[in-house]
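In what follows, every heavy atom counts, from backbone to side chain, and hydrogens, waters and symmetry copies are set aside.
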Amino acid sequence: VDAPKLSVTIKGRGAASKAAEAAARRLVEGALGAAADVRPFYRAARLDPILAPLVRRFRGLRIAGYPSLWEALVTAVLAQQVNLAFAFGIRAHLSTAFGRKARHHGETFYAFPAAERVADAGEAGLRGFRMSGSKIGTIARLAAAFAGGDLSEDEVAALPDEAAIDRLTSVKGV
């Protein structure tokens, strides 16, 4: 764990492209937390009676995240004021309805839907997914903002925390 290495192999059509490499990097760094600096957490946890033994036992463990800001925001909206099983059920249904699918070894996998697909569906296309009208509106506004370029992950990442919060909460419902 002093010098960990992670090897990722991308297979399939377009696997050698820069876009595939960038997507894999975003996934590994975001979803797996591979780019996260865990030292501040370790320093804070070392005095905690519950966390300290866990940090020692699972040294190098990262906090899982999301591959994109778009996916994180939609998931956060879905999880507001409902239990997580319900929220993740809706998330799965959105993925099967709007996400790209791939078959591998006889199993079908669904990607989280691109903002463009959800924006094209609009509020009308989001009805029937067991969401409140306010959640439908928020997700539709987020999709339109990401798809239209009014909101981007790079833009938000470049902002100081307070400015990023202000930028994100400028979208009604966030």
Looking at every non-hydrogen atom in both residues, tell me the closest pair between [X] and [Y] and how far apart they are.
X: Glu155; Y: Arg167; result: OE2-NE, 2.7 Å
X: Ala119; Y: Ala143; result: N-CB, 3.6 Å
X: Gly14; Y: Ala20; result: O-CB, 3.4 Å
X: Ile50; Y: Asp48; result: N-OD1, 2.8 Å

Nearest 0.5 Å, please: how far is [atom2] in [Y] from [atom1] in [X]?
X: Leu168; Y: Leu142; atom1: CG; atom2: CG; result: 8.5 Å
X: Lys135; Y: Thr138; atom1: NZ; atom2: OG1; result: 9.5 Å
X: Ser95; Y: Lys101; atom1: OG; atom2: NZ; result: 13.5 Å
X: Ser152; Y: Leu69; atom1: OG; atom2: CG; result: 9.0 Å
X: Thr75; Y: Arg91; atom1: OG1; atom2: CZ; result: 4.0 Å
X: Ser68; Y: Leu27; atom1: OG; atom2: CG; result: 10.0 Å

Electrostatic pair Glu107:Arg103 at N-O distance under 4.0 angstrom
no
Backbone N/O of [Y] and side chain of [X]: donor-acceptor pair under 3.5 Å:
X: Glu71; Y: Tyr66; answer: no
X: Thr96; Y: His93; answer: yes
X: Trp70; Y: Glu153; answer: no

Other residues, nucleotides, ligands: >12 heavy atoms within 6.0 Å of [X] [atom1]:
X: Arg130; atom1: CZ; result: yes
X: Leu47; atom1: CG; result: yes
X: Asp37; atom1: CG; result: yes

Taking the six-membered ring for Trp and the single ring otherwise, decide whether the centroids of Phe98 and Phe129 are under 6.0 Å apart.
yes
Identify every side-chain donor-acceptor pair in residues 77-86 under 3.5 Å, counting partners at least two apart or on other chains, and give the distances.
{"from": "Asn83", "atom 1": "OD1", "to": "Ala85", "atom 2": "N", "distance (Å)": "3.1"}
{"from": "Asn83", "atom 1": "OD1", "to": "Phe86", "atom 2": "N", "distance (Å)": "2.7"}

ILVMFWY cluster, [X] and [Y] together (side-chain gap under 4.5 Å):
X: Leu94; Y: Phe88; value: no
X: Val156; Y: Val171; value: yes
X: Tyr42; Y: Leu51; value: yes
X: Val174; Y: Val118; value: yes

Candidate pair Val74 and Phe112, rule side chain to side chain contact (heavy atoms under 4.5 Å, CB included), full reasoning
CA-CA 10 Å; Val74 171; Phe112 190 78; 3.6 Å; yes
Please lay out, stage by stage, how Val55 and Arg46 fare under the test side chain to side chain contact (heavy atoms under 4.5 Å, CB included).
CA-CA 8 Å; Val55 167; Arg46 74 175 182 253; over 6 Å; no
Under a 4.5 Å cut-off applied to non-hydrogen side-chain atoms, are Phe109 and His104 in contact?
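Heavy-atom side-chain distance check passes, below 4.5 Å.
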Any side-chain heavy-atom pair of Ile139 and Met131 under 4.5 Å:
yes
With Arg117 via salt bridge (Lys or Arg N to Asp or Glu O under 4.0 Å) - residues at least two apart
none
